[in-house]
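One structure is given here, and the rest of the page talks about it.
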Amino acid sequence: MSGFTAPHCGSLRAADVGNGVELYGWVAHRRDHGGLIFIDLRDRWGAVQVVFNTEVMPEAHRKASELRSEYVVRVKGEVTRRRTGSENPRMPTGEVEVAASELEVISAAKTPPFQIEDDVDADEALRLKYRYLDLRRPRMQQMLELRHKVVKVMHRYMDANEFIEVETPMLLKGTPEGSRDFIVPSRLHPGEFFALPQSPQQLKQLLMVAGIGRYYQIARCLRDEDLRADRVVEITQLDVEMSFCTEEDVFALIEGLWAKVWKELLAVDLPIPFPRIDMQECLLKYGTDKPDLRYDLEIADVTEALRQTESTVLRAPIEEGGVVRAVRFPDGHGLSRRELDELALMAKGAGAKGLAWIPGPLDKRMTEGERAAILSATKAGDGDLVLLVADRRRKAETVMGLLRREIARRRKLIRENEWRPLWVYPMYLFEEDDLGNLTYGHHPFTSPWPEDMDLIDTKPYQVRARAYDCVMNGVEIAGGSIRIHERGLQERVFEVLGLSKERIRSQFGHLLDAFEYGVPPHGGIASGIDRLMMVLAHTDNVRDVVPFPKTQSHQDLMLGAPSQVEPAQLEELHIQVVQPQKGTKTPS
RNA sequence: GGUCCCGUGGUGUAGCCUGGCCAAACACGCGGCCCUGUCAAGGCCGAGAACGCCGGUUCGAAUCCGGUCGGGACCGCCA
């Protein structure tokens with residue numbers, strides 16, 4: 001018998017009492033009582049207590065005194081019921097223990113750089129460097145298993161709904177639009193490059209043209225962008241596309257999927273259907289496109305009330321076309337100067353010119369009417385503080401969104417045990433970029449609402465998009481759209497976006513051509529599994545749910561990637577490296 | 001591209017604002033000895049850091065200043 005077929009340490013239960021077993025695992029703890037030594041033997045399934053008794057098995061006991069943390073051992077013994085009173089109800093295996101008769105050290109171990117236990121908050125860089133040790137922690141192993149189960153539910157669910165998984169290539173054509181591409185040099189075509197997929201977007205649409213009808217894929221996508229707590233370079237997404245569908249079909253499909261995932265993995269019944277909110281309303285009320293509805297604070301627009309105000313810091317931004325937004329800080333009267341400074345620093349860090357509050361220094365520049373309007377709009381009462389930000393609309397929204405979240409954290413307003421999914425829908429086709437230019441809010445294949453099309457020249461920002469995001473507890477867990485399927489409309493949208501005929505042909509010619517050979521109306525959605533996992537695992541850090549994540553500066557601290565390659569390799573690829581003047585990265 | 005925070009024994013922190021009492025404290029871990037029912041075992045003893053790196057200010061720096069490297073949070077960016 002090999003160790004592979006041996007029972008799992010963490011699986012032993014009272015029913016196994018009396019069985020002779022051979023166990024393989026890692027030494028998690030050793031408690032040496034002299035004549036009696038206990039070790040907790042750990043494997044992926046958990047840990048079980050093994051007892052070495054010098055009177056019963058002196059040889060095994062002698063060897064056990066040499067054991068140290070993280071040694072890999074083989075133990076032979078008998079599963080016994082623990083003495084009455086010494087059961088451990090905190091361990092699933094706590095009713096039993098293994099009386100050891102034989103011990104073999106398979107592999108000794110150095111003292112690990114951090115303890116292999118949950119709740120040991122070692123520095124993240126250290127955890128990443130020794131990820132193989134970090135992943136030994138029970139919580140990380142549970143995460144990997146949870147992740148596996150989530151994907152398994154997805155496969156089963158999509159299959160049950162007659163979707164088929166189709167693989168799409170990793171080596172694609174680069175696009176100047178959207179996220180920055182990771183590119184791969186072509187050895188056979190000097191000076192030419194492939195791009196790694198940001199998503200299989202165009203390919204899945206072409207699969208619809210191909211008549212597949214219902215496609216899905218657990219797809220890896222790569223985006224060369226700056227990282228955040230909820231962002232990694234390589235993401236895994238459930239990618240879905242379907243023909244002859246409307247928004248409602250997509251919503252129903254995904255709500256059904258989430259219901260199943262939550263039911264099977266958390267035993268939670270999600271209320272279906274999910275509520276929906278218009279993107280503009282969402283940005284106003286919550287200051288973000290991914291609101292957390294587990295707390296109620298709503299942001300108010302007080303621009304009109306302050307249009308004539310004496311306070312220049314508030315009025316000037318309005319005169320420049322901006323807005324003033326306000327939010328209540330419950331029981332905020334008692335905030336110290338220091339706490340207010342922290343909030344102001346946060347607002348400035350997000351790009352605001354400043355932060356105002358009522359009651360505060362601005363009171364004397366405000367009329368009683370203005371003040372009353374603000375208090376009423378924010379539903380502020382005695383003891384509450386109101387925070388005000390005056391700025392360009394997008395900036396004010398961003399800052400208020402951050403403040404709203406910060407207030408909720410400080411006042412512990414978040415109802416942690418709730419699940420609050422929603423659809424942000426409809427969204428809008430165009431957004432304004434920093435320079436005030438028209439830019440698309442989504443990818444350019446997103447269909448506008450047909451009835452809004454006559455606004456496209458006059459009031460482009462009012463044109464709704466058939467696009468939607470699914471948000472759960474403040475995390476965007478899916479997003480997609482109904483696509484354009486008519487060549488004429490697609491060309492029109494490209495045109496409005498200012499793409500030249502030539503660029504349209506070279507970038508999207510294949511798609512437009514395909515649209516001339518019989519194309520079904522279609523739409524789809526993609527769900528970032530890493531973000532989904534964050535929600536399911538209750539963590540704010542994606543790196544906690546990714547097996548081998550990179551740092552904020554795109555480095556793999558374990559592998560030491562990226563790294564330089566041999567000159568010969570570069571030569572073969574027809575590449576010359578030009579080092580930047582400064583800021584050169586040093587490989588670790 | 002920008003703003004902010006952090007960097008002290010193996011690990012996590014304290015000290016830093018208000019330089020000297022700090023070759024630096026505490027906990028965990030580690031090593032040794034004792035211990036037959038513990039499970040964060042316990043008891044006793046012990047080893048281990050000149051405070052990321054470079055430079056500056058000062059009679060004197062972990063502590064102040066500048067730079068640099070590394071990690072993180074956020075804004076921009078992420079169609």
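Proteins get letters first, then strands, A, B, ... in listed order; numbering begins at 1 in each. Just so you know, these numbers come straight off a predicted model, no measurement behind them.
Which of B/rA41, B/rC78, B/rA40 sits closest to the side chain of A/Asn88 comes down to B/rA40. You'll find that the side chain of A/Leu402 is closest to B/rC74, out of B/rU36, B/rC30, B/rC74. With distances taken from any side-chain atom of A/Arg83 to the nucleotides B/rG31, B/rG37, B/rC39, the minimum falls on B/rG37.
Contact annotation: A/Arg68 side-chain N/O to B/rG31 OP1/OP2 distance is under 4.0 Å. Contact annotation: A/Gln198 does not reach the phosphate of B/rC78 (side-chain N/O to OP1 or OP2, under 4.0 Å). Proximity of A/Arg31 to the phosphate of B/rU38: no side-chain N or O atom is located under 4.0 Å from OP1 or OP2. Proximity of A/Gln555 to the phosphate of B/rG71: a side-chain N or O atom is located under 4.0 Å from OP1 or OP2. Between A/Ser553 and B/rG70 there is no side-chain polar atom (N or O) within less than 4.0 angstrom of OP1 or OP2. Contact annotation: A/Arg543 side-chain N/O to B/rA73 OP1/OP2 distance is under 4.0 Å.
A salt bridge is absent between A/Glu117 and A/Arg136; no separation between the charged side-chain nitrogens and carboxylate oxygens falls under 4.0 Å. Looking at A/Glu102 and A/Lys63, no side-chain N of the basic residue comes within less than 4.0 Å of a carboxylate O on the acidic one, giving no salt bridge. With salt bridges taken as basic N to acidic carboxylate O contacts below 4.0 Å, one links A/Arg131 and A/Asp134. Using a 4.0 Å cut-off between a side-chain N of Lys or Arg and a carboxylate O of Asp or Glu, A/Arg505 and A/Glu502 do not qualify as a salt bridge.
Taking a pair to require two hydrogen-bonding distances under 3.5 Å in either a Watson-Crick or a G-U wobble arrangement, B/rU8 pairs with B/rG15. Base pairing annotation: B/rA73 forms a Watson-Crick or G-U wobble pair with B/rU3, both donor-acceptor distances under 3.5 Å. Nucleotide B/rG60 has no partner under the Watson-Crick or G-U criteria, as no pair reaches both atom distances under 3.5 Å. Using Watson-Crick or G-U wobble geometry with both donor-acceptor distances under 3.5 Å, B/rC44 finds its partner in B/rG32.
Nucleic acid contact class of A/Gln201 (heavy atoms, under 4.0 Å, all strands): base.
If you check distances only, the side chain of A/Arg231 does reach the base of B/rC77 with a donor-acceptor pair under 3.5 Å. Contact annotation: side chain of A/Arg82 to base of B/rU38, donor-acceptor pair present below 3.5 Å. With hydrogens and angles left out, the side chain of A/Asp226 and the base of B/rC78 share no donor-acceptor pair within 3.5 Å.
Nucleotides B/rC45 and B/rC59 have their C1' atoms positioned 41 Å apart, rounded to a whole Å. Between the P atoms of B/rA61 and B/rA73, the separation comes to 35 Å (whole Å).
Within residues 127-136 of chain A, no residue has any heavy atom closer than 4.0 Å to RNA chain B.
Annotation: of the two residues near RNA chain B, A/His29 and A/Gln49, the 5′-most nearest-nucleotide partner is A/Gln49. Nearest-nucleotide positions on RNA chain B for A/Asp123 and A/Phe38 put A/Asp123 closer to the 5' end.
A donor atom on one side chain and an acceptor atom on the other are found under 3.5 Å apart for A/Glu247 and A/Tyr425. A side-chain donor-acceptor contact under 3.5 Å links A/Asp239 and A/Tyr215.
In this entry the distance linking CG of A/Asp32 with P of B/rG32 reads 10 Å, nearest Å. Atom-to-atom, CZ of A/Arg228 to P of B/rG71 comes out at 16 Å; the value is rounded to the nearest Å. Look at NE2 on A/His554: it is 10 Å from C1' on B/rC78, rounded to the nearest Å. Here B/rG72 presents its P atom at 12 Å from CG of A/Asp544, a figure rounded to the nearest Å. In this structure, A/Glu70 places its CD atom 14 Å from P of B/rG29, rounding to the nearest Å.
The main-chain N or O of A/Gln201 is found under 3.5 Å from a side-chain atom of A/Ser199 such that the two form a donor-acceptor pair.
Ring pair A/Tyr461/A/Tyr428: centre-to-centre distance not below 6.0 Å. Under the 6.0 Å cut-off for aromatic ring centres, A/His33 and A/Phe38 qualify, their centroids lying closer than that.
Listed by first then second residue, pairs satisfying salt bridge (charged side-chain N to carboxylate O under 4.0 Å, His left out) with a partner in residues 470-481 of chain A number zero, not counting sequence neighbours.
For A/His33 and B/rG37, the ring-to-base geometry does not satisfy the stacking test (centroid distance below 5.5 Å, interplanar angle below 30°).
Considering A/His443, A/His522, A/Gln205, A/Gln490 in turn, A/His443 is the only one that fulfils the side-chain hydrogen bond (donor to acceptor under 3.5 Å, both in side chains) rule with A/Arg483.
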ask   = With the sugar-phosphate defined as primed atoms, P, OP1 and OP2, and the base as all remaining atoms, what B/S/- string results for nucleotides 44-52 of chain B, 5' to 3', for protein heavy atoms under 4.0 Å?
value = ---------
